[in-house]
Every structure is written in structure tokens, then in C-alpha cells.
Amino acid sequence: MGALKKEIFIGVFVALFATFGGLFLYLEYFSKFGFNETLVMIQEGDLYGKVLSIAAIPNLFVFFIFIKKKQDQRAKGVLLATILIAFATLILKFV
């Protein structure tokens, strides 16, 4: 049973890493402004939820890679992390 939990944890960790990677890519390369200016604009505009949902897009690719490699437990971890990110986005939208 411990091996399953380890595989799910690896999936969650990879999904969170992919989300932070997506956030960095969005802030650094897709934003018209610099990294620090974009962070200030997100804070001033209270856009945390929207940016977090955009940053979670790489989880889709990670999920399908794990499915293709038949690593179902890791894919479950990615799905769990994505659901938690979606829940955090929902909370940030209404708070």
C-alpha cells in the first residue's frame, strides 16, 4: 500500500511543479510586461485565480504522458492536484 501512496505523491509533486512552471512561463514569456511588473499587476487586479487556472494547463500534458506510459497512480496524483488547484481557484474567485 505504501508504494501506491508514493506513486500518487509523485504525481501530485510533478503536477505542482508543472503548475509553477506554467506560472513562470506565463509571467516571463507570455506577458507583455516584465516579471515583476506582471506580479504587481496580478496583485493589484486581484487576478490570482485567473492566473492560477492558466498556470495549471501544463498539468493536462503531464496527465496524458503518465496515461500513455501506463503510470495510472501518478496520473491519479496529477488529477488530485489539478482538482485542488481548481478548488483554490474557486476560493480565490469568491474571496
Supply the atom-to-atom distance [X] [atom1] to [Y] [atom2], rounded to the nearest 0.5 angstrom.
| X | Y | atom1 | atom2 | value |
| --- | --- | --- | --- | --- |
| N59 | I83 | CG | CD1 | 11.0 Å |
| R74 | K76 | CZ | NZ | 14.0 Å |
| L52 | L90 | CG | CG | 11.5 Å |
| I10 | F17 | CD1 | CZ | 14.5 Å |
| T19 | I54 | OG1 | CD1 | 12.5 Å |
| K50 | L92 | NZ | CG | 12.0 Å |

Between [X] and [Y], is there a shared hydrophobic cluster once you connect ILVMFWY residues whose side-chain heavy atoms come closer than 4.5 Å?
| X | Y | answer |
| --- | --- | --- |
| L80 | F87 | no |
| V62 | L79 | yes |
| F9 | L4 | no |
| L47 | L39 | yes |
| V78 | L25 | no |

key: Verdict with supporting geometry, F66 and V14, side chain to side chain contact (heavy atoms under 4.5 Å, CB included)   = CA-CA 11 Å; F66 283 149; V14 169; 4.1 Å; yes
inquiry  = Angle between ring planes, Y29 versus F24, binned at 30° and 60°: parallel, tilted or perpendicular?
reply    = perpendicular
inquiry  = side chain to side chain contact (heavy atoms under 4.5 Å, CB included), that's the test. Do L27 and I42 meet it? Break it down for me.
reply    = CA-CA 10 Å; L27 293 178; I42 290 169; 3.5 Å; yes
task = Can you see which heavy atom on A81 is nearest to which on A15, and at what distance?
result = CB-CB, 3.5 Å
task = Give the minimum heavy-atom separation between T38 and S31, together with the two atoms involved.
result = OG1-OG, 2.8 Å
query = Could you go step by step and tell me if Y48 and K93 meet the side chain to side chain contact (heavy atoms under 4.5 Å, CB included) rule?
reply = CA-CA 8 Å; Y48 297 116; K93 180 176 176 123; over 6 Å; no
inquiry  = What I'd like to find out is whether the side chain of T82 reaches to under 4.5 Å of the side chain of L60, using heavy atoms alone.
reply    = no
